[in-house]
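Quick notes on the structure that follows.
Since the structure is predicted, the reported quantities are computational estimates derived from the model, not experimental observations. Just so it is clear: chains get the letters A, B, ... in the order the sequence lines come, proteins before strands, and each one is counted from 1.
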Number of protein chains: 2
Amino acid sequence: MRQTKRDELVEKATAIFYRNGFQATGMDRLVAETGISKTSIYKHFETKDDLIVATLKSRDAFLRGWLFGRMAELTSSPREQLIAMFDALHEWFNEPDFHGCMFAKASSEYQDPEHPINREATDHVARISAQLAEIAEKAGLNHPSELARQLALLKEGAVVLATMGRGGSPALDAKAVATKLVEEADPDK
Amino acid sequence: MRQTKRDELVEKATAIFYRNGFQATGMDRLVAETGISKTSIYKHFETKDDLIVATLKSRDAFLRGWLFGRMAELTSSPREQLIAMFDALHEWFNEPDFHGCMFAKASSEYQDPEHPINREATDHVARISAQLAEIAEKAGLNHPSELARQLALLKEGAVVLATMGRGGSPALDAKAVATKLVEEADPDK
DNA sequence: CATTAGGTGTACTGATCGGTAAACCCTGTC
DNA sequence: GACAGGGTTTACCGATCAGTACACCTAATG
């Protein structure tokens, strides 16, 4: 019942795809870097695309778990969590192996909205937005869904600029804007 | 002196790469869809990467020209232009052949910061930020460079959500935030 | 001991990749 | 009328692509 080999494969493949890109990573390279035979890989996944989808599911669980977990670590107040998200992002951007958002890359490389890989990517951003809206609601702020959309906007923009920008601290720029937005959505004036 | 054939190639290749992705588009397909022979292509460009860089330069000139041109059409006031950018973006997102930002895709597919294709992509966002800062300065607003960074944040976030989001109007969400930011940067309180 | 499940290595398939070679075909200009 | 530049077609190169076939190994279970 242990499916450790499959898990090991997904975990290693996630890292390799993230670092190296999807189309740019051949199956032979995957074999070489994971030490798992191609036969074995294709016993667990019918196609490369299936494997990619699995890595995205894994990454989605990890990333959302980490982000919202870190926000909860930083503060227990839902209202402050919305702002603390940008501190968490700041930490993420400054990790030495930060290479942008894996889902943005996936969506770039597989543009067809019908493609399961693209679906997985758009699912990820939808889930993040939904969680933000939930927190905004819990915080009792005005127009929680509008606020969540705006915070998502800032979050995605910060990721892009952290990836493609030249220096600076986009997460902190975003935090400044987010702070204003949250203050304005405060029902107590 | 006429380099019409080269221009025709770059123009057609830009559209194909934008619609189809870079790595996913083979040279044979480029030949088939442009009607230009491979020999001819390689007489103008040493490698596929060189051609890609040329398409990015072309797209950069077109996109920035269109965006800032449209902003100027919508209003002559620099201050209002900063806000009108999001109306222009809204128009762009709703064009039937909108497929996201070509430079984000380029940066996704060629992650190495030393790679000329990645450089071209980061150059593009840097140029946009610089132009925004220039306009903010001209508008006489407070902290123009900070404001420009925040507007760039909103712009990139809107592009991502327009590409990967599910419906909604991210450009208009961003416009609402941008309006507040510009108002707050007004030196006359 | 026999069976079975999960793993391995090696070798291979046909297709496609980026890029090249060579012969030819116009259309202008000296 | 010779020549040259820019274009064409066709065929090809070695490398790599995703995916498969097959024989073998090993450890747990009956």
[Y]/[X] salt bridge by N-O under 4.0 Å criterion:
{"X": "Asp123(A)", "Y": "Arg119(A)", "answer": "no"}
{"X": "Arg127(B)", "Y": "Glu120(B)", "answer": "yes"}
{"X": "Lys105(B)", "Y": "Glu109(B)", "answer": "no"}
{"X": "Asp186(A)", "Y": "Arg79(A)", "answer": "yes"}
{"X": "Glu184(B)", "Y": "Lys180(B)", "answer": "no"}

How long is the line joining [atom1] of [X] and [atom2] of [N], in whole Å?
{"X": "Tyr42(B)", "N": "dT8(D)", "atom1": "OH", "atom2": "C1'", "result": "17 Å"}
{"X": "Glu46(A)", "N": "dG19(D)", "atom1": "CD", "atom2": "C1'", "result": "12 Å"}
{"X": "Glu109(B)", "N": "dG18(C)", "atom1": "CD", "atom2": "C1'", "result": "16 Å"}
{"X": "Asp7(A)", "N": "dG6(C)", "atom1": "CG", "atom2": "P", "result": "14 Å"}
{"X": "Ile41(A)", "N": "dT8(C)", "atom1": "CD1", "atom2": "C1'", "result": "12 Å"}

What class does the angle between the rings of Tyr110(B) and His115(B) fall in, given that below 30° is parallel, 30 to 60° is tilted and above 60° is perpendicular?
tilted
Fit a plane to each ring of Phe98(B) and Phe93(B), take the angle between them on a 0 to 90° scale, and name the class: parallel (under 30°), tilted (30 to 60°) or perpendicular (over 60°).
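Tilted.
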If you take atom types as modelled and just measure distance, does the side chain of Lys38(A) reach the base of dG9(C) with a donor-acceptor pair under 3.5 Å?
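A donor-acceptor contact between them is absent.
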Between the base of dT9(D) and the side chain of Thr39(B), is one N or O donor paired with an acceptor at under 3.5 angstrom?
yes
Is there a donor-acceptor contact under 3.5 Å linking the side chains of Arg166(A) and Thr122(B)?
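Checked: Arg166(A)/Thr122(B) side chains pair up, N/O donor to acceptor below 3.5 Å.
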Counting only side-chain nitrogens and oxygens, does His44(A) get under 4.0 Å of the OP1 or OP2 atom of dG6(C)?
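So the side chain of His44(A) is outside the cut-off, no N or O lying under 4.0 Å from OP1 or OP2 of dG6(C).
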So, is Ser37(B) close to the dT9(D) phosphate, meaning a side-chain N or O under 4.0 Å from OP1 or OP2?
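For Ser37(B), the contact criterion (side-chain N or O under 4.0 Å from OP1 or OP2 of dT9(D)) is not met.
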In numerical order, the residues of residues 47-55 of chain B whose heavy atoms come under 4.0 Å of DNA chain C are Thr47(B), Lys48(B)
For DNA chain C, what residues of residues 17-34 of chain A have any heavy atom nearer than 4.0 Å?
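Under 4.0 Å from DNA chain C: no residue of residues 17-34 of chain A.
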Please figure out whether Lys43(A) or Ser40(B) has its closest DNA chain D nucleotide nearer the 5' end.
Ser40(B)
For Tyr18(A), is the NZ or CZ atom of Arg59(A) found under 6.0 angstrom from the centre of its six-membered ring and inside 45 degrees of the ring axis?
yes
